[in-house]
Peer 1: 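Before I ask anything, here is the structure I am working with.
Proteins get letters first, then strands, A, B, ... in listed order; numbering begins at 1 in each.
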Protein chains: 2
Amino acid sequence: MALTHLKSLQALELALRLGSLQAAARALWVTPAAVGQRIKALEEYLGIDLVVRGRQGLRPTPELSGAIEHLRAAFQELGTVDTMLNLQRGDEIHIAAIADFADLWLKPRIEDFKAAYPHVLFCINGEGDAPLRIGQIDCAISFGPQHTNATDDLLFGDFLLPISSPEIAHRIANLALRDCLEGWPLLHLDFYKEDPGAPNWSSWIKVQHLKRTEPNRGIRFQRISAALEAIRANAGFAICGLALLGEDIGDGSLNLPFPVSTGHWTTHVFQARFHPEALLRPQVTCFRHWLQGQATGTRDWLLQFAQSAKASNMKW
Amino acid sequence: MALTHLKSLQALELALRLGSLQAAARALWVTPAAVGQRIKALEEYLGIDLVVRGRQGLRPTPELSGAIEHLRAAFQELGTVDTMLNLQRGDEIHIAAIADFADLWLKPRIEDFKAAYPHVLFCINGEGDAPLRIGQIDCAISFGPQHTNATDDLLFGDFLLPISSPEIAHRIANLALRDCLEGWPLLHLDFYKEDPGAPNWSSWIKVQHLKRTEPNRGIRFQRISAALEAIRANAGFAICGLALLGEDIGDGSLNLPFPVSTGHWTTHVFQARFHPEALLRPQVTCFRHWLQGQATGTRDWLLQFAQSAKASNMKW
DNA sequence: GGCACAGCTAAAGATTACCTTTAGGGTCAT
DNA sequence: ATGACCCTAAAGGTAATCTTTAGCTGTGCC
């Protein structure tokens with residue numbers, strides 16, 4: 001009374017769906033003869049014919065026709081099971097991401113993914129759960145001119161605005177706008193230096209008509225995270241992309257002392273390129289979709305934020 | 001990329017559904033160790049645990065939990081496929097039925113069943129597609145007092161009414177009712193003789209207050225079909241159950257020259273008894289349901305027919 | 001605690017299902 | 001015709017999967 005000939009049923013379903021034994025054989029990674037044998041075994045077990053080899057492909061016999069839709073549904077479900085279980089498999093995803101992006105955007109979010117797929121290990125820029133292996137970059141995330149080819153996923157461009165510590169923001173709150181910067185150190189982030197659209201202090205001050213001596217003087221930072229650290233310690237002001245600040249804006253640990261309307265979009269964008277071979281692994285594809293979803297969230301958040309400049313020209 | 005470990009998935013689903021490896025092993029007709037191996041093989045292939053052996057049964061791990069419902073659905077569908085294909089298998093169903101019932105009710109209808117399940121062969125009272133084999137009665141159909149036990153399926157009781165050929169019906173159409181029978185032969189069917197509720201000519205005529213000499217005289221028939229033949233040849237009248245006449249009433253090849261209100265229900269009923277072991281074969285169970293459905297159809301038809309006596313007291 | 005019992009696990013050998021290979025026979029288009 | 005394509009048949013080998021046997025672990029009972 002037990003269900004037998006599962007492999008025969010599988011072959012039968014595939015052969016009917018694909019229309020030929022050969023196609024089914026390719027899908028199953030076996031020889032066409034094996035598929036024929038599987039089906040024949042079931043036919044002989046049942047004592048009835050199941051398929052007729054007609055011109056241009058296979059056709060089911062009347063005896064089988066009633067069961068076909070159930071057969072198809074069954075293997076559809078099994079396919080889903082297969083995918084879901086494969087997603088839970090142990091796998092290492094190796095990511096090479098520009099350091100600031102990895103530290104400030106990717107790593108804080110990736111715990112969310114790891115919670116859903118606990119057996120997936122990450123190696124980000126050589127560090128993480130999985131050890132570094134040579135030649136194993138599944139996903140590279142860069143910041144640069146937008147590529148229009150299909151192999152790159154656009155994540156988002158950023159929105160740059162001066163930031164400071166809450167303390168400094170408080171101290172300048174009552175000053176006239178044009179005097180706000182005078183006297184404070186200006187921190188310069190190398191990160192955006194190549195971006196033709198990203199403002200530096202010199203250009204931003206000129207556009208905003210602020211009073212400021214020596215706008216190019218100040219400390220240069222190669223790493224945004226180091227600059228943020230300095231800013232939290234009241235070291236001065238920096239022009240930084242909001243997307244990388246994440247919670248720091250919302251929870252008040254960093255402030256935006258100038259109107260949103262003074263911000264500018266970068267022309268460079270963050271984009272991810274996946275190794276085509278890596279996308280054969282369901283985990284990688286799953287991660288890709290997750291990454292796209294997260295990026296869309298950030299993009300929408302930035303858009304809404306920048307939009308708010310028009311609605312209310314408030315200081316933050 | 002092909003779906004593998006089908007047997008493992010089957011064992012997994014069964015073990016989870018039944019709650020233990022042992023129960024699954026019984027269902028699959030293998031040893032418990034084999035079930036454990038199947039599941040373990042899948043676990044090792046995936047590299048993740050799928051079940052935990054907790055107190056009182058198996059429980060799925062979080063990694064598996066999301067896929068369980070799909071797994072269950074898949075094997076539910078496959079079970080349906082299995083049943084449907086098994087129904088199409090070649091099988092012989094051996095029926096012992098009281099002859100008149102077999103000839104007049106069962107055989108005319110059974111073509112319908114055979115069309116749906118072309119590979120099922122029937123042997124009815126030793127005749128038919130399948131040869132007679134000793135000790136192989138799957139279903140016995142009798143006419144007698146209704147059994148109240150669960151092993152007998154009630155099919156229907158019959159409704160008895162005088163019948164004649166159309167010609168005779170036409171000839172008596174203008175006579176006074178009480179003179180209708182006088183002069184015609186009365187045919188007696190042995191079939192209903194044991195039934196205490198079934199009228200014979202003598203009792204029927206007395207109740208209807210007809211004028212008739214020697215109501216017990218006439219020809220006796222052991223087989224209803226022979227009597228019907230005679231009636232079609234204008235041999236006279238017979239009191240017969242309508243269920244066995246089938247199309248003959250509807251298409252006018254036999255007539256009911258007296259009002260429906262003069263009819264009587266039998267106290268005996270047709271009932272089917274299936275061999276318990278035979279019911280393990282899906283074809284037999286399927287036939288049983290078909291038989292019940294057909295019997296219900298006849299029962300409803302009879303009821304509606306008898307009911308019509310009250311609505312319109314018309315002659316047929 | 002000691003003990004039997006039930007259910008799962010481990011290891012090894014046996015068996016069977018299943019696959020590949022090779023060869024052959026249809027059908028269709030050139 | 002003839003070659004391409006696809007399915008079928010038969011034979012042999014491989015690997016999956018089963019059984020057997022023994023051992024382990026927790027549970028209930030004395």
Peer 1: Just grab all the salt bridge (Lys or Arg N to Asp or Glu O under 4.0 Å) pairs involving residues 292-301 of chain A, residues at least two apart or on different chains.
Peer 2: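 Not a single pair qualifies under salt bridge (Lys or Arg N to Asp or Glu O under 4.0 Å).
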Peer 1: For residues 31-45 of chain A, which residues have at least one heavy atom under 4.0 Å from DNA chain C?
Peer 2: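 Output list: A:Thr31, A:Ala33, A:Ala34, A:Gln37, A:Arg38.
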Peer 1: Name all residues meeting the side chain to side chain donor-acceptor pair (under 3.5 Å) criterion together with B:Gln146; count only those two or more places apart in sequence or in a different chain, and write none if there are none.
Peer 2: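 Side chain to side chain donor-acceptor pair (under 3.5 Å) check on B:Gln146 returns nothing, list empty.
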Peer 1: What residue pairs, at least two apart or across chains, pass side chain to side chain donor-acceptor pair (under 3.5 Å) with a residue in residues 115-128 of chain B?
Peer 2: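 Sorted result for residues 115-128 of chain B: A:Glu63-B:His119.
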Peer 1: Take the C1' atoms of the five end pairs on each side of the helix from C:dG1-D:dC30 to C:dT30-D:dA1, derive the two axes, and give their angle rounded to 10 degrees.
Peer 2: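 Taking five pairs per end, the axes differ by 30°.
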Peer 1: Show me the protein contacts with nucleotides 14-16 of chain D, counting only N or O atoms at under 3.5 Å.
Peer 2:
none

Peer 1: Could you work out, with side chain to side chain donor-acceptor pair (under 3.5 Å) as the rule, every residue matching B:Lys107, not counting sequence neighbours?
Peer 2: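 So B:Lys107 forms a side chain to side chain donor-acceptor pair (under 3.5 Å) with B:Asp103.
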Peer 1: Tell me which nucleotide among D:dC7, C:dT9, C:dG7 gets nearest to the side chain of A:Gln22.
Peer 2: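 Looking only at heavy atoms from C-beta outward on A:Gln22, the closest nucleotide is D:dC7.
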Peer 1: Which residues pass the ring pair (Phe, Tyr, Trp, His ring centres under 6.0 Å) test with B:His5, not counting sequence neighbours?
Peer 2: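 Counting only residues at least two positions away or on another chain, B:His5 forms a ring pair (Phe, Tyr, Trp, His ring centres under 6.0 Å) with B:Tyr45.
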Peer 1: Partners of B:Gln88 by side chain to side chain donor-acceptor pair (under 3.5 Å), sequence neighbours excluded?
Peer 2: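 None.
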Peer 1: Heavy atoms from C-beta onward define the side chain here; which of D:dT8, D:dC18, C:dC8 lies closest to that of B:Val30?
Peer 2: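 Between D:dT8, D:dC18, C:dC8, the one nearest the side chain of B:Val30 would be D:dC18.
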Peer 1: By side chain to side chain donor-acceptor pair (under 3.5 Å), which residues pair with A:Arg26, not counting sequence neighbours?
Peer 2: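 If we apply the side chain to side chain donor-acceptor pair (under 3.5 Å) test to A:Arg26, skipping adjacent residues, there are no hits.
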Peer 1: Could you tell me whether the phosphate oxygens of C:dT9, OP1 or OP2, come under 4.0 Å of any side-chain nitrogen or oxygen in B:Arg53?
Peer 2: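 Looking at the OP1 and OP2 atoms of C:dT9, one of them is under 4.0 Å from a side-chain N or O of B:Arg53.
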Peer 1: Quick one: which protein N/O atoms are closer than 3.5 Å to N/O atoms of nucleotides 22-24 of chain D? Pair and distance per line, please.
Peer 2:
none

Peer 1: Partners of B:Phe274 by ring pair (Phe, Tyr, Trp, His ring centres under 6.0 Å), sequence neighbours excluded?
Peer 2: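 For B:Phe274 there are no ring pair (Phe, Tyr, Trp, His ring centres under 6.0 Å) partners, ignoring immediate neighbours.
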